[in-house]
Asker: 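Once you've had a glance at the structure underneath, I'll fire off some questions.
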Amino acid sequence: MNTMVLLENVSKRFGSTVALQEVNIEIFAGEFLTFLGPSGCGKTTCLRLISGFERPSTGRVILDGRDVTGDPPYLRDVNQVFQTYALFPHLSVRDNIAFGLRMKKLPLAETRERVDKIIEVVSLDGLADRKPSQLSGGQKQRVALARAVVCQPKVLLLDEPLSALDAKLRHQMRLELKSLQKRLGITFVFVTHDQEEALAMSDRIVVMNLGRVEQIGGATEIYHRPATRFVASFIGDTNIVEAEVLGTDDGKILCRLEGGLQVLVRARNAPPDGKILVSLRPEKIRIHKTRPPGENVFRATVISEVFKGAVDDLTLRTEGGLELGVLDTNEGSDEVEFDVGEDAWCRIHPDDVIILGG
Amino acid sequence: MELERTIPASRISPPPAPARGWPGLLRLVHLSLAGWTWAVFAFFYIPILLLAVYSFNDSKLNIVWQGFTTKWYGLLFENRVLLEAFRNSLIIGAVTTLAATALGTAGAWILHRYRYPFAGWIGLLIFIPMVIPEVLMGVSLLSLFSSLGVPRGFVTVIIAHVTFCFPFVLIGVQARLDGIDPFLEEAAMDLGATPWQAFRLVILPYLLPAVVAGALMAFTLSLDEYIVTLFTTGSQSQTLPLKVYGMAKVGLNPQINALSTLFVAATILLVISGELIKKARSR
């Protein structure tokens with residue numbers, strides 16, 4: 001895969017605050033990459049470094065093999081969809097979309113042709129002569145999208161473009177964005193604080209926190225194999241438990257969790273020693289009325305239960321006093337119910353106990 | 001994608017009937033409010049109406065009606081002194097408007113767009129010319145010009161007028177900028193516009209209504225300014241208000257009525273055509 005964007009040892013300081021610290025990110029041509037993190041994590045700064053609205057304090061920005069670190073935004077072959085859409089209020093939909101091509105001084109006929117085509121692609125037919133104030137939120141979104149992609153940028157930047165839409169439209173636009181990206185083959189760089197959005201659309205996700213990259217990887221990798229405590233807790237719900245390594249045996253590590261429970265963990269990297277943190281996803285802990293076969297089986301008491309339709313959200317306490325959240329799917333009519341105060345058997349597969357770094 | 005649906009008029013329920021009880025009192029309140037409104041309008045417009053009526057009065061006195069004539073209009077167009085003053089006022093007004101509008105718009109944009117030390121104080125200082133007593137401003141400008149050895153004339157009057165006109169433009173433009181999409185300029189630059197192109201092609205069109213309103217305001221202020229002009233003008237640059245006041249001191253001349261009537265008529269025409277243009281554009 002070709003590298004489209006390279007952020008090389010990039011740091012960014014605003015006065016005394018550090019927005020980005022020694023960040024290295026490689027974005028491949030044609031991929032859908034998402035920067036995910038809480039507000040203030042540096043994800044928007046990364047986007048603005050690529051668009052050219054910020055310059056790094058140290059480090060370089062490489063776009064398609066060329067160092068663009070010092071180039072102003074209007075000389076970069078990237079376009080952005082803004083959070084507020086930032087449509088030009090005095091121009092019609094058509095003129096908004098044509099703006100970028102006019103700045104490039106394209107021949108009139110070609111401009112017209114490309115604008116007409118993109119209007120069709122984003123299904124804005126019939127609205128070309130409207131002003132932005134006469135459009136609904138979803139329509140404005142499409143105009144902002146069309147205005148950017150009609151320039152055929154090397155990279156399309158999207159700064160939380162779905163946050164202003166209502167829930168239903170947001171879900172629909174996710175699918176549309178993803179399919180548009182596949183059809184156009186443009187590299188999409190998306191910024192969001194919404195983990196669901198990131199998981200649903202991205203080829204790869206860059207999880208950021210406090211100006212640093214916590215983990216880069218595909219959606220399933222980030223969910224199932226979080227690298228750090230932050231990633232594990234930011235994406236989905238999880239139980240984070242302190243543990244102590246007791247020994248290694250046959251590719252598995254024996255740990256004692258707080259509360260005394262001993263579990264086997266699949267060793268992936270060099271086995272750690274001493275105190276560690278492990279993550280146990282609530283849906284990975286299976287509970288049973290009778291003792292199941294296999295490893296990592298333990299007793300626990302149900303101390304609370306909330307019915308959530310598809311799942312029961314349980315809290316269990318082990319004999320050692322460790323409290324764990326558990327999700328039990330309501331999968332059939334012969335479903336076994338657990339009542340508060342009842343004892344249950346629990347089991348977690350050694351592959352599903354994740355050792356966290358950092 | 002679906003268009004936002006509008007509710008058919010038939011499904012909108014009528015507004016609730018007015019509350020019962022004390023109907024007499026409510027009626028009284030309505031009546032007196034209506035009366036008050038008409039009184040205000042009368043207070044505004046009757047003097048102007050009288051002025052217009054007496055411009056056609058065949059008498060040198062404004063108070064007695066003697067018959068219809070248009071001779072004052074004829075005399076007005078032969079009155080070189082008044083016409084010259086009118087011309088001076090137009091020149092000063094036009095140049096002032098151009099300069100004040102450019103300065104005010106640029107100032108508002110700079111204050112909005114850039115951050116620098118003492119921005120708050122600078123923002124405050126700009127409004128001093130709006131609130132300072134005109135006499136003080138006139139005197140201070142007069143002493144400034146004389147100490148610099150600048151001869152009084154068009155240049156000094158225009159400088160003085162721009163000084164108190166541009167804050168009005170700035171305020172209006174600033175109010176419009178408060179509601180601007182913060183990413184508008186960046187969006188333009190993202191699409192390949194240089195900062196200047198972004199301002200000219202996106203920001204300025206957005207600001208245009210406020211800029212035009214500010215320009216009209218500046219022109220009006222300049223046209224009828226008296227006190228500051230008195231201190232800063234020379235013998236060759238007498239404006240209409242100065243001349244009119246000079247004439248009125250020796251008795252009201254119906255020519256002034258005629259001139260004022262033309263002025264009011266022109267203003268009304270201007271306002272109406274402005275509205276018509278706005279309506280036509282929004283269609």
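Every chain is numbered from 1 and lettered A, B, ... according to where its sequence line falls, protein lines coming before strand lines.
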Asker: Which answer fits A:Leu75, side chain, backbone, both or neither, if we ask what part of it has an atom under 4.5 Å from a heavy atom of chain B?
Answerer: neither
Asker: Just so I understand: if I count every heavy-atom pair under 4.5 Å between each of A:Arg147, A:His90, A:Lys104 and chain B, which residue has the most?
Answerer: A:His90
Asker: Quick check: under 4.5 Å, non-hydrogen atoms only, which of residues 196-204 of chain B neighbour chain A?
Answerer: B:Gln197, B:Leu201, B:Val202
Asker: Is atom CG of A:Asp166 surrounded by more than 12 heavy atoms (other residues, nucleotides or ligands) closer than 6.0 Å?
Answerer: yes
Asker: Would you find a donor on one side and an acceptor on the other, under 3.5 Å apart, between the side chain of B:Asp190 and the backbone of A:Tyr74?
Answerer: no
Asker: Give a yes or no on this: more than 12 heavy atoms of other residues, nucleotides or ligands lie within 6.0 Å of atom CZ of B:Phe127.
Answerer: yes
Asker: Write out, in numerical order, the residues from residues 177-184 of chain B with a heavy atom short of 4.5 Å from a heavy atom in chain A.
Answerer: B:Asp181, B:Phe183, B:Leu184
Asker: Pick one of side chain, backbone, both or neither for A:Arg102, based on which atoms fall under 4.5 Å of a heavy atom in chain B.
Answerer: neither
Asker: Can you confirm whether A:Lys182 is buried at NZ, in the sense that more than 12 heavy atoms of other residues, nucleotides or ligands lie under 6.0 Å from that atom?
Answerer: no
Asker: Please find the pair of heavy atoms, one from A:Phe53 and one from B:Glu186, that lie closest to each other, and give the distance.
Answerer: CZ-O, 3.1 Å
Asker: For each of A:Cys151, A:Ala86, A:Ala148, A:Ser51, tally heavy-atom pairs with chain B at distances under 4.5 Å, and name the one with the top tally.
Answerer: A:Ala86
Asker: Surrounding CD of A:Glu120 (heavy atoms of other residues, nucleotides or ligands, distance under 6.0 Å), is the total greater than 12?
Answerer: no
Asker: How about A:Phe88 and B:Pro205: do any of their side-chain heavy atoms sit closer than 4.5 Å?
Answerer: no
Asker: Is atom CG of A:Leu108 surrounded by more than 12 heavy atoms (other residues, nucleotides or ligands) closer than 6.0 Å?
Answerer: no
Asker: For A:Met103 versus B:Leu191, what's the shortest heavy-atom pair and its separation?
Answerer: CB-O, 3.5 Å
